[in-house]
Amino acid sequence: MASALINVPPRARRGEIIEIKTLISHAMETGYRRTQLGAPIPRDIIRLFVCTYNGTEIFRAELHPAIAANPFIVFSTVATESGTIQFQWTGDNGFSVTESASITVD
Amino acid sequence: MQRLTSRRQFLRVAGGAVAGLGTVMAIRPARATPAEMQDAIRKVVGSARITPGKVTLELPPLIENGNAVPLTVSVDSPMTDADHVKTVHVFTEKNPQPNVVGFHLGPRAGRARVATRVRLADSQTVVAICQLSDGTFWSASADVVVTLAACLEGGVGI
């Protein structure tokens with residue numbers, strides 16, 4: 001099973017810009033490689049990453065085969081209110097992983 | 001004598017034909033060309049004008065391993081409701097596909113700075129294009145030298 005690492009500060013001041021780092025284990029098979037016998041290895045990548053903050057989408061990334069294995073994405077958001085930040089990765093062969101992190105905003 | 005000459009001529013012509021065939025076959029590698037990159041950019045941008053500036057694309061200039069190259073794009077933008085970055089797209093010239101990644105941001109990002117790790121198949125030019133909330137497009141490019149290419153190494157195990 002795929003595992004994801006998420007780095008969200010647990011606590012932030014209202015209006016502060018926080019940096020979010022995400023890493024998920026995935027081979028990101030490009031579809032351009034072949035086995036030693038010459039058979040093509042089919043594409044298997046994560047195509048979409050979406051981040052929502054208390055249900056509102058704040059960030060989205062469309063990934064292509066040129067993204068390195070174990071996609072690592074860093075972005076930022078403004079800490080507006082306490083709640084949960086949810087992350088979803090979806091891709092080929094029905095790949096779908098959802099993770100969440102909670103944040104307290106004072 | 002006459003026969004020998006014709007045989008020699010035949011070999012010369014045949015050899016030339018084989019060499020020519022080889023050249024034709026070598027011309028079409030499975031990689032995006034600068035023209036394909038322009039097509040991919042036009043698909044995202046449409047007919048709008050792209051102005052160099054505002055965008056900063058950070059990539060190491062010399063890359064030992066093209067399989068995981070840190071890439072950071074930042075845009076000079078206040079990120080307010082009235083003036084913010086909507087999208088950031090990254091393209092390459094010589095990867096098998098010109099598209100690398102498309103980021104969608106909004107005023108809630110606070111800061112227009114995103115980072116990821118990419119694969120680069122060859123020494124080439126990488127282009128980042130951002131769309132601002134007023135509809136204008138801005139770009140930056142970086143030339144990189146890749147010593148160990150991604151994607152195209154020999155086969156993996158069976």
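Numbered from 1 within each chain, the chains take letters A, B, ... in sequence-line order.
- Grouping the Ile, Leu, Val, Met, Phe, Trp and Tyr side chains by contacts below 4.5 angstrom, directly or via other members, places B:Val127 apart from B:Leu59.
- Cluster annotation: B:Val90 and B:Val75 are assigned to the same hydrophobic cluster (Ile/Leu/Val/Met/Phe/Trp/Tyr, side-chain heavy-atom contacts under 4.5 Å, transitive).
- Looking at A:Ile18, there are no atoms closer than 4.5 Å to chain B (heavy atoms on both sides), in backbone or side chain.
- The NE2 atom of A:His64 lies 7.0 Å from the NE2 atom of B:His89; values are rounded to the nearest 0.5 Å.
- When hydrophobic clusters are built by joining Ile, Leu, Val, Met, Phe, Trp and Tyr residues whose side-chain heavy atoms come closer than 4.5 Å, directly or via intermediates, A:Ile73 is not grouped with A:Val50.
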Next item on the list: Step by step, work out the side-chain contact (heavy atoms from CB on, under 4.5 Å) result for B:Leu105 and A:Arg60.
Entry: CA-CA 7 Å; B:Leu105 297 82; A:Arg60 167 186 290 260; over 6 Å; no
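- Contact count versus chain B (heavy atoms, under 4.5 Å) is highest, among A:Thr80, A:Val78, A:Ile67, for A:Ile67.
- Counted within 6.0 Å of CD on B:Glu58, heavy atoms from surrounding residues, nucleotides or ligands total more than 12; the atom is thus considered enclosed.
- Here CG of A:Leu63 is found 7.0 Å from OG1 of B:Thr116. Values are rounded to the nearest 0.5 Å.
- Follow the hydrophobic side-chain contacts under 4.5 Å out from B:Val144 and you never reach B:Ile129; the two are in separate clusters.
- Contact annotation for A:Ala39: neither backbone nor side-chain heavy atoms come within less than 4.5 Å of a heavy atom of chain B.
- Two different hydrophobic clusters hold B:Val126 and B:Met37 under the rule that ILVMFWY side chains link at heavy-atom gaps under 4.5 Å.
- To the nearest 0.5 angstrom, B:Met79 atom CE is 9.5 Å from A:Thr77 atom OG1.
- A:Phe59 and B:Phe103 have their aromatic ring centers within a separation under 6.0 angstrom.
- Nearest approach of A:Ala68 to B:Asn67, heavy atoms of both residues: CB-O, 3.2 Å.
- At least one donor-acceptor pair under 3.5 Å links the side chain of A:Ser76 to the backbone N or O of B:Arg111.
- Judged by distance alone, with hydrogens and angles left aside, the side-chain atoms of B:Arg117 form no donor-acceptor pair with the main-chain N or O of A:Phe72 at under 3.5 Å.
- Contact check for A:Pro65 versus B:Gln97: side-chain heavy atoms found under the 4.5 Å cut-off.
- Cation-pi geometry between B:Arg113 and A:Phe75 is not met at under 6.0 angstrom from the ring centre and within 45 degrees of the axis.
- Using modelled atom types and a 3.5 Å distance limit, the side chains of B:His104 and A:Glu62 yield a donor-acceptor pair.
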